[in-house]
Amino acid sequence: MLIATWNVNSLKARLPRVQGWIEENQPDVLCIQETKMTEAAFPALTFQEMGYETAHLGQGQWNGVAILSKVGLTDVVANFATGEPDAEARIISATCNGVKVVCVYVPNGRELEHEHYQYKLRWMKQLRDHVDTIAKPTEDVVVTGDFNIAPTDIDVWDPAVFIGATHTSEPERKVLSDLCAWGLTDIFREQHPEPKLYSWWDYRDGSFHKAHGMRIDYLLVTKSLAAKTIETAIDRNARKGEKPSDHAPVTMIVS
DNA sequence: ATGGTGGCCCGGCCA
């Protein structure tokens, strides 16, 4: 089973690229972030014709998360399962072929002094409560998406650039490690310990070609799912060519 | 230090 996550930065702008990537890679489960469209605008029929069931939590202009599956899609939970629902469309969960899948688009945070940064930290704590509500650490669970947090300095092209900025601050890394302490492992990093592996590159300043990126998209898996994971990858090729997203898909193959 | 690009949709905001 191939499970993938991809922040597409507008499904409207990216639909041809997303369709092409699906046809080429045939993921069993694809988690999409930043659809930037309403539920009414979501191209469910297009994906259905490609063999996928879909669940989408849309918003309109911003955010929006979806799960596509051709191996079953049940127990859909749109938004948080516990506590106050998020006013923004940033989390959707479902069960696909026995795997509990949580698709997230974590708030960016904007600046350390910004109110949005506190929202990001609260959001990550609520994510842990959500996961604890819908799943057990002994089950097959993957929490995946765009976390907008670089877990360590090797996940950033130049840590010095991010001093005083979001994505690398200690409180962000702490809420991420608190989430992982529930029973989740960053499986791509476990399999690929070497530096200079990124999932996002700024559109500006030729960042992709300069290898100025960050690894902020990942697949956090429980022990049982990690044990079944054959391989993981970041598809850098999807960041090339005409009208790419600024994020690359991250994939895992499970036996 | 700024602004670079590319989404949203047409004036700035967000990433």
Side-chain angles (χ1 to χ4, degrees), chain A residues 5-22 30-43 46 56-66 86-92 103-124 127 144-151 155-169 171-173 175-176 198-218 234-250:
Chain A
T5 182
W6 194 7
N7 179 324
V8 300
N9 184 21
S10 170
L11 187 54
K12 194 184 295 173
R14 216 66 60 207
L15 188 58
R17 296 275 315 223
V18 172
Q19 284 182 276
W21 192 87
I22 289 172
L30 176 60
C31 294
I32 295 176
Q33 302 86 38
E34 285 206 85
T35 62
K36 294 186 176 177
M37 57 172 55
T38 61
E39 276 146 51
F42 186 79
T46 301
H56 176 229
L57 179 62
Q59 182 179 326
Q61 192 174 353
W62 306 111
N63 310 307
V65 283
D86 194 345
E88 303 187 345
R90 295 182 175 276
I91 179 166
I92 191 162
C103 170
V104 301
Y105 175 47
V106 177
N108 173 287
R110 298 183 191 165
E111 294 166 2
L112 299 185
E113 304 75 20
H114 203 287
E115 186 280 329
H116 203 257
Y117 178 76
Q118 295 303 322
Y119 167 53
K120 181 180 196 172
L121 298 178
R122 285 197 307 275
W123 202 96
M124 285 295 291
L127 174 58
T144 187
D146 176 1
F147 288 81
N148 271 314
I149 300 170
D155 299 304
V156 179
W157 65 277
D158 182 1
V161 168
F162 293 89
I163 292 171
T166 58
H167 292 63
T168 64
S169 75
E172 288 166 273
R173 287 174 172 172
V175 289
L176 176 61
Y198 309 126
S199 66
W200 172 86
W201 300 260
D202 202 308
Y203 284 121
R204 296 168 286 189
D205 205 31
S207 298
F208 181 69
H209 300 287
K210 294 179 186 168
H212 291 181
M214 279 200 278
R215 197 179 65 89
I216 55 176
D217 305 85
Y218 23 88
I234 297 174
D235 185 5
R236 287 181 75 261
N237 286 329
R239 182 62 177 76
K240 301 175 183 172
E242 284 280 295
K243 280 177 75 75
S245 170
D246 45 355
H247 295 253
V250 186

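Because the structure is predicted, anything quoted here is derived from the model rather than measured. Sequence lines set the chain letters: A, B, ... in the order given, protein chains first and strands last, and positions in each chain run from 1.
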Given atom [atom1] of [X] and atom [atom2] of [N], what is their separation to the nearest angstrom?
{"X": "A:Arg110", "N": "B:dC14", "atom1": "CZ", "atom2": "C1'", "result": "7 Å"}
{"X": "A:Asn63", "N": "B:dG7", "atom1": "CG", "atom2": "P", "result": "17 Å"}
{"X": "A:Glu111", "N": "B:dC14", "atom1": "CD", "atom2": "P", "result": "11 Å"}
{"X": "A:Asn148", "N": "B:dC14", "atom1": "CG", "atom2": "C1'", "result": "12 Å"}
{"X": "A:His247", "N": "B:dG7", "atom1": "NE2", "atom2": "C1'", "result": "11 Å"}
{"X": "A:Tyr119", "N": "B:dA15", "atom1": "OH", "atom2": "C1'", "result": "14 Å"}
{"X": "A:Leu11", "N": "B:dC8", "atom1": "CG", "atom2": "P", "result": "10 Å"}
{"X": "A:Asp146", "N": "B:dA15", "atom1": "CG", "atom2": "P", "result": "11 Å"}

Please assess A:Glu115 against A:Arg122 for the test salt bridge (charged side-chain N to carboxylate O under 4.0 Å, His left out), listing each intermediate value before the final yes or no. CA-CA 11 Å; A:Glu115 186 280 329; A:Arg122 285 197 307 275; 3.6 Å; yes

Any side-chain heavy-atom pair of [X] and [Y] under 4.5 Å:
{"X": "A:Tyr218", "Y": "A:Ser199", "result": "no"}
{"X": "A:Tyr105", "Y": "A:Ile91", "result": "no"}
{"X": "A:Trp157", "Y": "A:Lys210", "result": "no"}
{"X": "A:His247", "Y": "A:Asp146", "result": "yes"}
{"X": "A:Gln33", "Y": "A:Val65", "result": "yes"}
{"X": "A:Glu34", "Y": "A:Asp246", "result": "no"}
{"X": "A:Gln118", "Y": "A:Glu113", "result": "no"}

- Would you say the ring centroid of A:Tyr119 lies under 6.0 angstrom from that of A:His116?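 Yes, the ring of A:Tyr119 comes within the 6.0 Å limit of the ring of A:His116, centre to centre.
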
Euclidean distance for P, B:dC14 against B:dC9 (whole angstrom):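 One P to the other, the span is 15 Å.
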
Pairwise C1' distance for B:dG11 and B:dA1, with rounding to whole Å: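 Looking at atom C1' only, B:dG11 and B:dA1 are 25 Å apart.
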
**Asked** Reckon A:Tyr105 touches a base, only the sugar-phosphate, or nothing at all at heavy-atom distances under 4.0 Å?
**Response**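 Touches sugar-phosphate only.
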
Dot-bracket for DNA chain B, 5' to 3', Watson-Crick and G-U pairs with both distances under 3.5 Å, [ ] for crossing pairs, | for partner on another strand, reads ....((((...))))

Write out a two-atom table: protein N or O, nucleotide N or O from nucleotides 9-12 of chain B, distance below 3.5 Å.
none

When you measure from the side chain of A:Arg239 to the backbone N and O of A:Trp201, does any donor-acceptor pair fall under 3.5 Å?
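Side chain of A:Arg239 to backbone of A:Trp201: a pair is present.
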
Please produce a list of atom pairs where a protein N or O lies less than 3.5 Å from an N or O of nucleotides 1-6 of chain B.
unit_1	atom_1	unit_2	atom_2	d
B:dG4	O6	A:Arg204	NH1	2.9

